J.: 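Questions regarding the structure given below will be posed in turn.
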2 protein chains.
Amino acid sequence: MTSIADLIDEIYNKSLEAREIISKYAHRTPVDISATFSKMSGSKVYLKYENLQKTGSFKIRGALYKVYRVKDSARGVVAASAGNHAQGVAYAARSFGLPAIIVMPVTASITKVEATKSYGAEVVLHGTIYDEAEAKAREIAEKQGYAFIPAFDDPDVIAGQATLGHEVLEDVKDFDIVVVPLGGGGLASGVSIALKKRRPGVRIVGVEPANVPKFSLSLKAGHPVTIRAKSTIADGLAVKRPGEITFKIVRELVDDIVTVSEDEIAQAIYLLLERGKVLAEGAGAASLAAILSGKVRGAQGRKVVALITGGNIDLTMLNRVLIRGLSFAGRIATLLGYVPDKPGMLARVAAIIGSHRANILEVLHDRSDVHAPPWHTVLRIIVEVPSREETKKILRDLRQEGFEFHVVNS
Amino acid sequence: MTSIADLIDEIYNKSLEAREIISKYAHRTPVDISATFSKMSGSKVYLKYENLQKTGSFKIRGALYKVYRVKDSARGVVAASAGNHAQGVAYAARSFGLPAIIVMPVTASITKVEATKSYGAEVVLHGTIYDEAEAKAREIAEKQGYAFIPAFDDPDVIAGQATLGHEVLEDVKDFDIVVVPLGGGGLASGVSIALKKRRPGVRIVGVEPANVPKFSLSLKAGHPVTIRAKSTIADGLAVKRPGEITFKIVRELVDDIVTVSEDEIAQAIYLLLERGKVLAEGAGAASLAAILSGKVRGAQGRKVVALITGGNIDLTMLNRVLIRGLSFAGRIATLLGYVPDKPGMLARVAAIIGSHRANILEVLHDRSDVHAPPWHTVLRIIVEVPSREETKKILRDLRQEGFEFHVVNS
């Protein structure tokens with residue numbers, strides 16, 4: 001049995017080869033300091049924009065190297081995934097001229113199915129959960145002589161993900177901490193190996209959703225455990241059990257593991273969009289969420305690199321993130337009040353709202369509320385407002401006109 | 001009077017100095033090929049991500065160089081702007097340690113006012129339109145001995161914007177066409193000068209909103225004319241009259257000018273987000289809109305660079321873009337039908353919708369529609385659906401259960 005040190009050496013050496021391969025087929029994604037997030041956090045925050053990677057995520061790195069390694073012995077490749085790994089393997093297979101079959105659960109989003117097909121892969125929809133899709137994929141591999149491409153628990157895949165670490169080392173000088181999201185642990189393992197080999201003093205902080213704390217709980221147990229996961233917006237991190245290999249590497253090399261809440265992740269997505277001008281998926285925003293929520297110990301005044309690992313978020317989900325973010329920011333307000341139920345009342349209320357450059361999104365009348373004074377109606381108005389201060393002015397002006405409203409969504 | 005050739009030479013020479021200055025204070029923004037947009041358009045599409053620039057737009061370039069030029073003679077700087085120029089000048093002034101006053105119309109968005117203040121500038125709210133703000137700014141300049149920093153019609157500002165052209169020249173090999181948005185014409189002038197001097201064979205295509213075609217109409221008239229502008233999502237291009245200098249340069253160097261519709265711009269914002277993972281404002285997406293709508297002549301099979309000039313779009317506006325984009329894409333559907341007005345009906349309808357993984361956003365009952373059969377209600381249901389195909393299946397299943405619905409938003 002290989003020792004952990006030997007395994008790390010093996011993967012590190014592979015990662016040097018992986019760099020050569022991957023540089024021919026993937027983007028070298030940009031990395032830059034963010035003045036905004038540095039100011040907000042008190043650290044010098046660098047963002048590595050892996051959401052601008054081909055296929056929209058880092059997964060292509062591990063897939064490219066793994067497919068490269070099997071391409072001469074396998075007739076094709078097969079993988080199971082509902083997410084970024086599917087697109088990564090499809091893209092990698094096409095890069096090396098191999099056929100690919102991707103098994104996705106029937107619940108996979110149409111967007112991801114279409115994206116995977118667009119890279120030339122055959123998509124087989126099977127099962128409702130990942131485990132069923134994986135069983136099917138392994139069956140196909142066996143039957144057709146295709147190589148099964150694991151999503152994370154594999155030395156080649158980990159060596160591919162390590163290339164992200166090499167790029168950070170080359171493009172950012174003297175950083176102190178790298179914050180990396182924890183799904184199955186492939187990226188965290190690879191990046192840790194690349195960094196610790198070359199800069200042992202760098203601290204690695206892993207981040208997982210509080211709703212899916214598989215590494216936190218497994219490390220406490222001393223071995224990989226299967227957890228009961230709640231749903232998370234960081235669907236890319238919704239893995240119920242660490243890999244056997246990745247568990248060992250993460251335990252050995254990752255210095256600290258923190259969890260982030262759903263709202264912290266959503267807020268990071270919102271801020272990356274509003275201030276950073278880039279779209280991150282939940283998993284991709286988790287590292288910044290950890291930094292902004294002050295959970296990365298020792299980060300004050302230090303140079304911290306956050307890996308923005310992917311941008312494949314469904315836009316209907318982004319729509320929810322936006323509305324929730326705007327509401328938290330006081331830019332969408334729900335006003336509730338009683339008004340006399342007679343002609344002209346809404347016009348007066350709406351005129352006051354409009355005079356403050358607030359745009360009405362929705363109006364609801366409710367005449368069934370027995371707490372309302374007789375012959376009054378409840379008026380519930382959702383508005384976009386320039387700011388919280390302007391909302392206060394709206395309430396003040398409404399009051400002066402005899403309309404008592406209050407804000408109910410903050 | 002300087003000839004146009006001399007003016008171009010003068011600005012070109014300044015732009016070489018501007019590069020040195022600007023490289024110290026601004027990001028060198030990434031540029032890369034987009035596989036997605038190349039496939040969609042039939043060109044090799046490169047995107048220059050100037051939305052990732054500090055302050056979120058290219059405006060910082062002209063501002064930096066202009067402030068650099070006046071810094072030794074002026075006690076401070078003053079500018080008028082409701083948009084990106086405000087932040088650019090504020091940032092530039094702070095970079096050189098000068099006080100800045102920015103006059104913004106009272107209608108300026110709070111986000112932009114706050115952003116401008118965050119760069120250390122004093123913000124004066126004055127007037128309801130740009131012209132009033134500018135008059136006030138010039139008055140302040142006069143009174144306080146501050147230098148007025150024009151937004152576009154100035155050789156130094158144009159030389160600063162030209163640095164974007166220099167970066168494209170250095171980072172993209174052998175491109176054929178550059179597509180540049182036309183606001184006041186400062187960017188188009190600068191980029192054209194940098195490119196035509198060094199690569200005369202490159203074609204420059206200017207893009208303006210069909211709702212604000214000031215350059216198209218002015219070129220037809222043979223001189224700058226003030227147009228009646230309609231509102232546009234590309235608010236950064238909502239300039240009613242070309243500059244005197246920029247008009248001459250654009251007429252001399254820009255090869256072609258095209259206009260794009262509001263929906264074409266909105267669709268480009270949507271696609272940049274969904275497929276490109278970056279946030280562009282309307283002006284920033286206009287160049288891609290022109291490419292994707294097939295309006296850039298001779299682009300087929302050629303290497304085309306689109307300047308994504310900025311990302312400062314208000315997120316409430318982005319929310320509208322998303323909802324409209326999702327509706328165009330068939331991902332949000334409004335279903336309308338009559339159902340018997342009795343208990344259990346909505347449950348049956350909702351169960352069918354839910355079984356197709358469609359998520360109900362809104363339900364509206366209307367019992368006042370006299371076209372409904374007696375004792376029926378209109379049911380209007382807005383749903384998020386996986387795809388257009390799934391919506392058809394929902395309608396089919398509803399029909400099988402006796403509910404006749406149709407889609408009204410496509």
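The model shown is predicted, which means the values in this text are computed figures rather than measured ones. Protein chains get the first letters and strands the later ones, always in sequence-line order, with residue 1 at the start of each.
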J.: So for V106(B), is it side chain, backbone, both, or neither that comes closer than 4.5 Å to the heavy atoms of chain A?
T.: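 Only the backbone of V106(B) comes within 4.5 Å of chain A.
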J.: Establish, from distance only, whether the side-chain atoms of Q53(A) and H27(A) form a donor-acceptor pair under 3.5 Å.
T.: no
J.: Report yes if some heavy atom in the side chain of D32(B) is under 4.5 Å from a heavy atom in the side chain of K48(B); otherwise report no.
T.: no
J.: Is P386(A) close to chain B through its backbone or its side chain, or both, or neither, when contacts mean heavy atoms under 4.5 Å?
T.: both
J.: Check each atom of R320(B) against the heavy atoms of chain A and say whether the ones under 4.5 Å are side chain, backbone, both or neither.
T.: side chain
J.: Sort out for me which of L361(B), I33(B), N312(B) touches chain A most, counting heavy-atom pairs under 4.5 Å.
T.: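 Heavy-atom pairs under 4.5 Å are most numerous for N312(B).
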J.: Could you go through the side chain to side chain contact (heavy atoms under 4.5 Å, CB included) check for I60(A) and Y25(A) one step at a time?
T.: CA-CA 9 Å; I60(A) 189 181; Y25(A) 297 98; over 6 Å; no
J.: Does any heavy atom of chain B fall under 4.5 Å from the side chain of K39(A), the backbone, both, or neither of them?
T.: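 The side chain, not the backbone.
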J.: Which atoms of S34(B) come close to chain A, meaning under 4.5 Å heavy atom to heavy atom: side chain ones, backbone ones, both, or neither?
T.: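 For S34(B), neither part sits under 4.5 Å from chain A.
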J.: Hey, which of I323(A), I332(A), L273(A), I313(A) has the most heavy atom pairs under 4.5 Å with chain B?
T.: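 Result: the option with the highest number of such pairs is L273(A).
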J.: Is there a side-chain contact between L164(B) and E50(B) (heavy atoms, below 4.5 Å)?
T.: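 L164(B) reaches E50(B) side chain to side chain.
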J.: Do you know which of L52(A), T29(A), T36(A), L272(A) has the most heavy-atom pairs with chain B at a distance under 4.5 angstrom?
T.: L52(A)
J.: Are N319(B) and E384(A) linked by a side-chain donor-acceptor pair shorter than 3.5 Å?
T.: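 Short answer, no.
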J.: For each of G325(A), A35(A), G311(A), tally heavy-atom pairs with chain B at distances under 4.5 Å, and name the one with the top tally.
T.: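 Looking at each option in turn, the highest pair count goes to G311(A).
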J.: Do the side chains of L279(A) and L279(B) get nearer than 4.5 Å, heavy atoms only?
T.: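 Result no, sub-4.5 Å side-chain heavy-atom pair not found.
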J.: Quick one, I233(A) and I269(A) - any side-chain contact, counting heavy atoms below 4.5 Å?
T.: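 A side-chain contact exists here, since the closest heavy-atom pair is under 4.5 Å.
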J.: So which part of L315(A) gets closer than 4.5 Å to some heavy atom of chain B, the side chain, the backbone, both or neither?
T.: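 It is both, since atoms from each part get that close.
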